[in-house]
Trainee: 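For reference, the structure I am asking about is given below.
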Amino acid sequence: MRRILLPILALTLAAAACTGDATAVDPTTTSDGTTTTTTPAATTTTTTTTTTLPERPPGVVPAWTNGMPWGSVDGLVMFRGNPSRTYHGEGPVPRSPEVTWRFPDSAMCGNSPVGGQDKVWCGTGWTGQPVVWDRPDGTTEVIFGAYDKRIHFVDAATGARTRSDFAMGDIIKGSLSLDPDGYPLIYSGSRDPRFRIIALDRGEPTELWALDAASVNGMWNNDWDSNPVIVDDVMYVGGENSWFFAVKLNRSFDEAGQVTVDPQVLVEFPAFTDELVARVGRQQSIESSVAVFEQRVYFANSAGRVVGLDVSDVLDGVAPVVFDYWMGDDVDSTVVIDDEGMLYVSAQVDLATSRGSEVGQFAKLDPYTDGDPRIWGVDVPGSGGLSGGIWATPAIVGDVIFITTNPGRLLGIDRESGETIWSDDVGGGAWSSPVYVDDTLLVAVGCQGSPGLRAYDVLDPKRPLRLWDQPLETGCIESTPAVWKGQIFVGARDGFFYSFGEAR
């Protein structure tokens with residue numbers, strides 16, 4: 001039986017935290033011009049923060065999946081690699097990189113409207129990190145969605161197609177997931193507006209099931225940018241329709257040995273509330289990817305709401321709110337969780353509320369405290385004509401957390417104090433997320449800079465050393481790179497997808 005869960009009444013932090021002003025939001029377009037829906041809001045309420053303390057055995061450190069690969073598949077199976085979004089691939093990272101192949105022969109482009117006007121999109125965009133995995137037949141396969149409205153399957157060694165393309169109904173902006181438990185399935189959303197489960201064990205990729213964004217009364221638009229997490233046969237994913245879903249997959253094989261699914265939607269949860277809509281408007285979409293730690297699932301929306309649900313009883317359709325915090329501005333990047341369960345949350349400067357100024361655009365939150373969860377916050381103001389804030393997802397490197405910003409700085413922030421202890425210029429419009437593998441931090445230079453990749457030695461994360469710059473003359477990189485056993489894979493806005501390897 002499908003159950004719709006409404007948020008519990010939140011606890012109030014302080015009157016000042018609940019009364020921030022807000023700039024009016026256009027209810028018809030997102031920051032990239034996507035047309036919204038106009039269905040009524042659900043009758044829900046929330047205030048600034050709520051939290052429920054977990055029961056933990058004394059002395060137990062909850063180091064679930066932190067920095068580790070996820071599942072039984074040898075590969076990078078999802079955006080940022082695991083449910084806590086802290087695994088970025090396997091080294092080595094090339095020390096003298098060069099382009100080893102480019103895919104395909106002609107640019108991957110597609111038409112998709114913005115604000116009612118036709119627009120041509122090329123290449124891959126935000127977040128766009130590819131899946132890379134070592135198949136049982138010995139082939140290393142790269143899988144990614146692109147702006148030509150197709151999912152592509154490519155041999156990592158040669159750049160040749162390994163399977164037929166799978167056509168979606170519209171452009172693909174986010175990252176897809178490969179089933180982490182070895183089932184021949186991939187999971188991907190599109191702008192068309194369906195989230196699909198696709199089988200890989202037929203003669204060609206075959207759709208088995210789809211979830212339409214219009215299955216609920218959406219608040220914003222019908223895109224699917226969020227990257228799903230699969231844990232214990234349950235898929236967690238958010239939609240730009242402003243709803244979070246938990247879906248029991250019921251994966252199996254039929255008598256012919258082909259994979260099957262029989263999905264059951266367990267939870268439909270609105271990421272918006274009446275109070276938040278009244279405060280900042282209808283911009284309430286979930287563009288960030290879902291993160292999981294222990295028995296908690298976290299997601300954020302473009303109104304700045306960060307929510308944690310207890311999913312210990314999710315198979316019974318029960319997922320109560322255990323954390324609810326308002327950042328005050330648009331959170332599109334993904335929540336990252338450290339080995340103590342602390343949350344690192346990035347926000348844009350978009351809604352321009354006073355609350356956003358108070359919290360900062362990058363914050364560390366303690367979701368287990370019964371007091372103020374904000375441990376520290378960092379301001380990321382606009383610069384050089386670019387708006388402030390962050391689109392990228394951070395990378396944890398020991399005691400330092402690194403993040404690229406829209407104004408074009410790569411920041412190294414002390415995880416304990418919140419002090420910015422190091423920074424470098426990486427070019428404005430840096431939306432690609434930094435990647436940490438093999439004591440190396442890999443970043444894409446921002447689209448307002450000189451396009452390409454850059455690597456830093458972070459053996460001592462408090463004193464990064466620049467290793468190399470690899471230019472890409474024809475197009476900027478919004479997507480997040482994947483590193484796998486000596487190669488770097490990433491798509492660019494010039495319409496092509498690239499492999500970088502060690503120079504011969």
Side-chain angles (χ1 to χ4, degrees), residues 10 13 17 20 46 48-51 66 79-80 83-86 126-127 225-227 229 236 238 244 271 276 280 283-293 296-309 321-351 353 355-369 371-381 388-396 400-406 411-418 420 431 433-434 480:
L13 258 183
T46 187
T48 304
T49 305
T50 183
T51 171
N66 192 261
F79 177 66
R80 312 296 276 180
S84 60
R85 307 294 181 172
T86 55
W126 179 95
T127 53
D225 283 5
S226 179
N227 178 251
V229 175
Y236 303 102
F244 164 86
L276 198 54
V280 301
Q283 181 177 304
Q284 306 278 336
S285 67
I286 302 174
E287 295 185 50
S288 65
S289 300
V290 176
V292 184
F293 190 86
R296 291 184 172 201
V297 170
Y298 296 95
F299 58 90
N301 76 4
S302 56
R305 186 185 183 199
V306 183
V307 179
L309 304 180
V321 175
V322 289
F323 183 73
D324 198 346
Y325 185 82
W326 187 38
M327 287 284 292
D329 217 325
D330 188 345
V331 179
D332 285 347
S333 63
T334 297
V335 174
V336 167
I337 311 172
D338 70 16
D339 56 1
E340 295 182 339
M342 303 297 105
L343 312 182
Y344 298 88
V345 185
S346 310
Q348 304 169 25
V349 176
D350 182 12
L351 306 177
T353 68
R355 171 71 174 174
S357 299
E358 294 165 7
V359 172
Q361 290 74 55
F362 188 52
K364 180 177 181 179
L365 307 178
D366 180 356
Y368 300 109
T369 182
D372 184 351
R374 180 179 176 273
I375 297 173
W376 49 253
V378 176
D379 291 326
V380 182
I390 297 168
W391 274 255
T393 295
I396 297 174
V400 180
I401 188 160
F402 290 94
I403 187 66
T404 49
T405 71
N406 189 57
L411 306 179
I413 298 167
D414 186 281
R415 287 172 56 196
E416 190 67 26
S417 68
T420 300
W431 291 10
S433 301
T480 295

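Just so you know, these numbers come straight off a predicted model, no measurement behind them. By convention here, the first residue in the shown sequence is residue 1.
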Trainee: I'd like to know whether Tyr298 forms a side chain to side chain contact (heavy atoms under 4.5 Å, CB included) with Leu365, so could you lay out the CA-CA distance, the side-chain angles of the two residues, the decisive distance to 0.1 Å, and finally the verdict.
Mentor: CA-CA 12 Å; Tyr298 296 95; Leu365 307 178; over 6 Å; no
Trainee: Please determine, by modelled atom types, if Arg85 and Asn227 share a side-chain donor-acceptor pair under 3.5 angstrom.
Mentor: yes
Trainee: Judged by atom type as modelled, is there a donor-acceptor pair below 3.5 Å linking the side chain of Arg374 to the main-chain atoms of Met327?
Mentor: no
Trainee: To the nearest 0.5 angstrom, please state how far the CZ atom of Arg305 sits from the CG atom of Leu276.
Mentor: 7.5 Å
Trainee: Go through Gln348 and Asn406 one step at a time and tell me if the side chain to side chain donor-acceptor pair (under 3.5 Å) criterion holds.
Mentor: CA-CA 8 Å; Gln348 304 169 25; Asn406 189 57; over 6 Å; no
Trainee: Between Tyr325 and Leu343, is there a side-chain heavy-atom distance shorter than 4.5 Å?
Mentor: no
Trainee: Taking side-chain contact (heavy atoms from CB on, under 4.5 Å) as the definition, give me every residue that meets it alongside Thr127, ordered by chain and number, with sequence neighbours left out.
Mentor: Phe79, Ser175
Trainee: Considering residues at least two apart in sequence or located in another chain, which fulfil the side-chain contact (heavy atoms from CB on, under 4.5 Å) criterion with Gln361?
Mentor: Val349, Asp379, Val380
Trainee: Checking Lys364 against Asp338 for the side chain to side chain contact (heavy atoms under 4.5 Å, CB included) test, could you report, in this order, the C-alpha distance in whole Å, the side-chain angles of both residues, the deciding distance, and whether it holds?
Mentor: CA-CA 10 Å; Lys364 180 177 181 179; Asp338 70 16; 4.2 Å; yes
Trainee: Could you report the tightest heavy-atom contact between Pro373 and Phe323, atom names first, then the distance?
Mentor: CB-CE1, 3.7 Å
Trainee: How long is the straight-line distance from CD1 of Ile403 back to CD1 of Ile396, given to the nearest 0.5 Å?
Mentor: 11.0 Å
Trainee: What pairs with Phe362 under ring pair (Phe, Tyr, Trp, His ring centres under 6.0 Å), at least two apart in sequence or on another chain?
Mentor: Trp376
Trainee: Does Arg80 use its side chain to pair, donor to acceptor, with the backbone of Ala291 at less than 3.5 Å?
Mentor: no
Trainee: Using the test ring pair (Phe, Tyr, Trp, His ring centres under 6.0 Å), find all partners of Phe244 that sit at least two apart in sequence or belong to another chain.
Mentor: Phe299
Trainee: Tell me, please, which residues at least two apart from Ser288 pass side-chain contact (heavy atoms from CB on, under 4.5 Å).
Mentor: Ile286, Ala300, Thr334
Trainee: Could you tell me if the side chain of Thr404 sits less than 4.5 Å from the side chain of Ser433, heavy atoms only?
Mentor: no
Trainee: Ignoring hydrogens and geometry, is there a side-chain-to-backbone donor-acceptor pair from Trp126 to Trp391 under 3.5 Å?
Mentor: yes
Trainee: Taking atom CG of Leu411 and atom CD1 of Ile401, what is their separation to the nearest 0.5 Å?
Mentor: 11.0 Å
Trainee: Any chance you could lay out the side chain to side chain donor-acceptor pair (under 3.5 Å) test for Tyr344 and Arg415, step after step, and finish with the verdict?
Mentor: CA-CA 9 Å; Tyr344 298 88; Arg415 287 172 56 196; 3.2 Å; yes
Trainee: What are the two closest heavy atoms between Pro434 and Ala392, and how far apart are they?
Mentor: CD-CB, 4.4 Å
Trainee: What closest approach, in Å, do Thr86 and Ser84 show between heavy atoms, and which atom pair accounts for it?
Mentor: OG1-OG, 2.8 Å
Trainee: Looking only at the side chains, is there a donor atom on one of Asp330 and Gln283 sitting less than 3.5 Å from an acceptor on the other?
Mentor: yes
Trainee: So Leu309 and Val321, side chain to side chain contact (heavy atoms under 4.5 Å, CB included) or not? Walk me through it.
Mentor: CA-CA 5 Å; Leu309 304 180; Val321 175; 3.7 Å; yes
Trainee: Could you tell me the separation between the CG atom of Asp329 and the CZ atom of Arg355, rounded to the nearest 0.5 Å?
Mentor: 12.0 Å
Trainee: Only counting residues at least two apart or in another chain, list the ones meeting side-chain contact (heavy atoms from CB on, under 4.5 Å) with Ser357.
Mentor: none
Trainee: Hey, could you give me the CG/OG distance between Asp332 and Ser285, rounded to the nearest 0.5 Å?
Mentor: 6.0 Å
Trainee: Side-chain contact, heavy-atom cut-off 4.5 Å: Met342 with Pro367?
Mentor: yes
Trainee: Check Pro394 against Ser346 and note the closest heavy-atom contact, atom names and distance.
Mentor: CD-OG, 4.0 Å
Trainee: With a 4.5 Å cut-off on side-chain heavy atoms, are Thr480 and Thr393 touching?
Mentor: no
